[in-house]
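For reference, the structure is listed below as C-alpha cells.
In this text the structure is predicted, and so the values were computed from the model without any measurement. Letters A, B, ... mirror the listed sequences (proteins, then strands); counts begin at 1.
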Amino acid sequence: MAESILLLESRAADLRLVSAAARLVDVVCATQRCASASRRLGGRVAGSKPIYGPYMRLRYPNWAAKYLVDALLALTARVEAEL
Amino acid sequence: MARFILMAGYARSLPCVILAEALLSRGHEVSQIMLVSPLQIRRLRRILRQRGISWFFGRIRPRTASASELAGLTAEHAVASDSLRGLSRRRGIRILRVKSFESDRSIRAVGALGADAVIYCGGGILRRRFLAAAPPVLNAHAGPLPQIRGMNAAEWALLLEEPPEVTAHVINIGIDTGPVLLRRRYERTGLESVQQLRDRAVATGLRALLEVVDSGRWKGDEEHLIDTSARQCFVMAPVLIELVERRLSG
C-alpha cells in the first residue's frame, strides 16, 4: 500500500502522501524481526499481526519482506529528492 | 468584561495557563477550565499510535518557559505557575476534569455556565453534541487556512511552502473549517528545531486569540467558512519531521 501511495505521489507531488507512506512503512518496520539464530530468518516480517491472527497465521511469507524492501527503497529515494 | 471557559488537553498546558492569566489581567472572567483526564487507556493508546513514545515523554518532562518561545508571554502576563493546578490554586478557577469533551458531564457544564465563549487549548476533536451545547469555541490554528488543515500545521506549512501564518477561527463540525476571525504572520528566522517552530506558532496564536477577545468579534461570519477542497494534513511521519529540522537549520 505504501508503494502504491508513492506511485500515486510520483504523478502529483504532495508530501502529505509521502508522510502517509512513511507512517505505513514505520508500522511494518516496528514488527520486523531482525535478530535471529538463523541467518535465513533475519529481517523477517510476519504475515499477520498478531502473528497468530488471520491471513498468514504463524508464518513469515517471503513477499512481506520483499514488499517492505521495495517500499523502503522508494521512500528513501523520494525523501532524498527533497534534500 | 466577558466570561470564558478554557479547554485543555493536559494539566501542564502552558498556553492555557498564559491565556487564563492574560484574560484575567484584561478584566475578563475565566469561569472554568475543562481538562480532559490524560490517564485513560483509550486516549493514551490513540496518542501513542499517532505521535509515538517520544511525544509522551516530552509531555511528562516539565517544560521550562525560559527556553521556549513562550517566555516572552509568560513574562508579559506575569505567569507564576506552570500548571493548571497551580493556576487554579492561585486564582481560584475551578478545574473540571472530564473523560472526554463528549461526555454528558462536560456537555452539561459547558452549557450551564453561561459563558460568552470557549477558548480551545487542546483535548481532541470536538463533536456535534458539544458544539451544539457550547457558546462559540475559539481556536488558534498553527497554519494558514484553508491551505493547511489538520495536524502539525506549522511543520506542514513549512514543508508545503506555505506562509508562516496562524489563523484564529471559530471551531465548527469540520476539521479546521470554521469561520476565520484573524490571521497573523510570524517569522521563521532564528529557529533551530521543530519544537521552537511549534512554540513560535503557539505564541503567535495566543496573541491572535487575545486580539480577537479584545476586539469582541468572536461570533464569526458564516459566509467565511473554510474551503475544504485542500487535502487535510495528518500527523507528520518522523522522517519528514527530520526534513523540517534540516530546512530550519539550513
Side-chain angles (χ1 to χ4, degrees), chain A residues 1-35 42-56 64-83, chain B residues 44-57 141-164 175-177 188 194 197-198 226-250:
Chain A
M1 195 184 285
E3 230 191 319
S4 302
I5 290 172
L6 289 170
L7 188 65
L8 174 71
E9 201 268 343
S10 68
R11 296 176 183 204
D14 187 339
L15 284 168
R16 285 171 279 208
L17 294 176
V18 178
S19 177
R23 292 187 67 202
L24 285 169
V25 168
D26 283 349
V27 169
V28 180
C29 282
T31 69
Q32 191 182 26
R33 314 294 291 182
C34 293
R44 63 200 183 274
V45 177
S48 309
K49 188 186 175 214
I51 194 166
Y52 51 80
Y55 180 55
M56 296 288 286
K66 186 259 183 201
Y67 287 138
L68 176 61
V69 171
D70 287 349
L72 273 170
L73 288 171
L75 182 64
T76 307
R78 179 63 186 90
V79 174
E80 277 177 355
E82 288 292 321
L83 296 177
Chain B
L44 281 175
R45 273 176 56 189
R46 182 172 50 80
I47 290 173
L48 287 175
R49 197 169 57 237
Q50 282 185 347
R51 308 184 188 200
I53 193 79
S54 56
W55 181 90
F56 181 71
F57 285 116
H141 177 70
L145 291 174
Q147 302 94 314
I148 307 289
R149 296 189 299 117
M151 306 289 289
N152 293 123
E155 296 94 304
W156 277 119
L158 189 148
L159 273 193
L160 298 176
E161 295 171 1
E162 295 290 347
I175 303 291
D176 300 319
T177 55
R188 286 193 189 121
V194 169
L197 173 69
R198 288 175 187 161
I226 297 293
D227 169 23
T228 55
S229 57
R231 192 173 268 153
Q232 190 183 328
C233 300
F234 292 91
V235 175
M236 190 177 274
V239 66
L240 293 191
I241 297 270
E242 281 182 38
L243 197 58
V244 173
E245 297 261 3
R246 278 181 181 233
R247 290 198 181 169
L248 282 173
S249 60

Does any heavy atom of chain A fall under 4.5 Å from the side chain of B:L243, the backbone, both, or neither of them?
side chain

Heavy-atom distance under 4.5 Å to chain A: side chain of B:E242, backbone, both or neither?
neither

Does CE in A:M56 sit with more than 12 non-hydrogen atoms of other residues, nucleotides or ligands closer than 6.0 Å?
yes

Carboxylate-amine/guanidinium contact A:E82 B:R247, below 4.0 Å:
yes

Please check if the side chain of B:R231 supplies one atom and the backbone of A:R16 the other of a donor-acceptor pair under 3.5 Å.
no

Find the one option among A:D14, A:V18, A:L75, A:V25 whose heavy-atom pairs under 4.5 Å with chain B are most numerous.
A:D14

Closest non-hydrogen atom pair between B:V235 and A:S19, with its separation
O-OG, 3.6 Å

Is any side-chain heavy atom of B:M236 closer than 4.5 Å to a side-chain heavy atom of A:L15?
no

